Amino acid sequence: MTFEELFAPDHIYMTIAAIATLGLFLVSVLIGITTRRRQRQVMTNCRYRPRKRLMEGTERRCFQLLVDLFGQKFYVIPQVSLSALLNHKVGTQDRHAAYHFIENKTVDFVLCNKRTLRPICAVKLDDTKPTKDPGSSPQDMQKFFQSAHIPFVYIPKPQNINRQTIIDEFSRVVYETSTLKPSQRGRKKKSA
């Protein structure tokens, strides 16, 4: 290779590009290592203590009422994530999009069969925090649970909750679920 060929503009640009790429790679590796070290350092300095109560106020009162009413047959489990209750891998749907709608969302309580731990019903108390996040509204959650064949009870005014309110809401949901046609429950009709 001659001097002119070695220092031709094409070779110079390619050499500069290779050096720049290598430099960028090394800088990103160093930043990654430094960031992890800092996170580890901060993590070792963080301290925690237990909360005094798992639940307070209306949430606690609702939990106690649910246990009084249904505790003989069902476990009442507080703060369950939707991704723990609902499987987003259904058919050929866009699984990433389906998961996105339920990730980082919770229901206040889930009633589970004591023997099988199968979810029987989900309960959401109105938290009066309006959000534009898709999937967070009670109507959206209702659709998610309806597609999974799990009754969903939404309690709009938890500060006024009492035994009768819970009984009325559960009765309404059970009635509405029982009046759905098989195709509305998510089952496909068999062709004759």
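Here the structure is a predicted model, which means the values were calculated and not measured.
Other members of the hydrophobic cluster containing I31, listed by chain and number, are V27; membership follows side-chain contacts under 4.5 Å among ILVMFWY residues, whether direct or relayed.
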message = Apply side-chain contact (heavy atoms from CB on, under 4.5 Å) to residues E103 and L82 and explain how you reach the verdict.
response = CA-CA 7 Å; E103 78 177 318; L82 294 190; over 6 Å; no
Would you sort out whether L66 and F74 count as a side-chain contact (heavy atoms from CB on, under 4.5 Å), showing the intermediate values? CA-CA 9 Å; L66 289 171; F74 305 111; over 6 Å; no
CA sep, side-chain torsions, deciding dist, call: V67, Q64, side-chain contact (heavy atoms from CB on, under 4.5 Å):
CA-CA 5 Å; V67 169; Q64 290 169 334; 5.8 Å; no
side-chain contact (heavy atoms from CB on, under 4.5 Å) between D126 and Y154, intermediate numbers included: CA-CA 7 Å; D126 181 32; Y154 175 68; 3.0 Å; yes
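The ring pair (Phe, Tyr, Trp, His ring centres under 6.0 Å) check on F170 picks up F70, with sequence neighbours excluded. Under the ring pair (Phe, Tyr, Trp, His ring centres under 6.0 Å) criterion, Y99 pairs with H88, not counting sequence neighbours.
Separation of atoms CG (D94) and NE2 (H100) is listed at 11.0 Å; rounding is to 0.5 Å. The CZ atom of R37 lies 6.5 Å from the OG1 atom of T34; values are rounded to the nearest 0.5 Å. Going from atom CZ of R47 over to atom CG of N45 covers 8.0 Å, rounded to the nearest 0.5 Å. With rounding to the nearest 0.5 angstrom, the CZ atom of F144 is 13.0 Å from the CD1 atom of I150. Rounded to the nearest 0.5 Å, atoms CG (L65) and CZ (R60) are 12.0 Å apart. In this structure, the separation between CD on Q41 and CZ on R36 is 15.5 Å, given to the nearest 0.5 Å.
Hydrophobic cluster membership differs between L22 and L30, with clusters built from Ile, Leu, Val, Met, Phe, Trp and Tyr side chains linked at under 4.5 angstrom. Linking Ile, Leu, Val, Met, Phe, Trp and Tyr whenever their side-chain heavy atoms come within less than 4.5 Å leaves V90 and L85 in two separate clusters. In the hydrophobic clustering of ILVMFWY residues, with side-chain heavy atoms under 4.5 Å counting as a link, V107 and L117 come out together.
Taking 4.5 Å as the limit, some side-chain heavy atom of L69 sits within range of a side-chain heavy atom of R163. F63 places none of its side-chain heavy atoms less than 4.5 Å from the side chain of D108. K114 is not listed as a side-chain neighbour of K73, based on a closest heavy-atom distance of 4.5 Å or more. Looking at heavy atoms from C-beta onward, F101 lies out of side-chain contact with D140 at the 4.5 angstrom threshold. The closest side-chain heavy-atom distance from T58 to R61 is below 4.5 Å. For the pair P158/C62, no side-chain contact is recorded, criterion being any heavy-atom separation below 4.5 Å from C-beta on. Residues C121 and V110 fail the side-chain proximity criterion, which asks for heavy atoms closer than 4.5 Å. Between Q146 and F152, every side-chain heavy-atom pair lies at or beyond the 4.5 Å cut-off.
Residues F109 and P78 share a closest heavy-atom pair of CD2-CA, 3.9 Å. Considering every non-hydrogen atom in both L86 and I102, the closest pair reads O-CD1, 3.7 Å. Residues P119 and C112 approach most closely at CA-SG, 4.0 Å, considering heavy atoms.
The main-chain N or O of T106 is found under 3.5 Å from a side-chain atom of K124 such that the two form a donor-acceptor pair.
Within 6.0 Å of atom NZ in K143, 12 or fewer heavy atoms from other residues, nucleotides or ligands are found, so the atom counts as exposed in its surroundings. The environment of CD in Q72 is sparse: at most 12 heavy-atom neighbours from other residues, nucleotides or ligands sit within 6.0 Å. Other residues, nucleotides and ligands contribute over 12 non-hydrogen atoms within 6.0 Å of the CZ atom of R95.
The closest side-chain donor-acceptor pair between D168 and T165, if any, does not fall under 3.5 angstrom.
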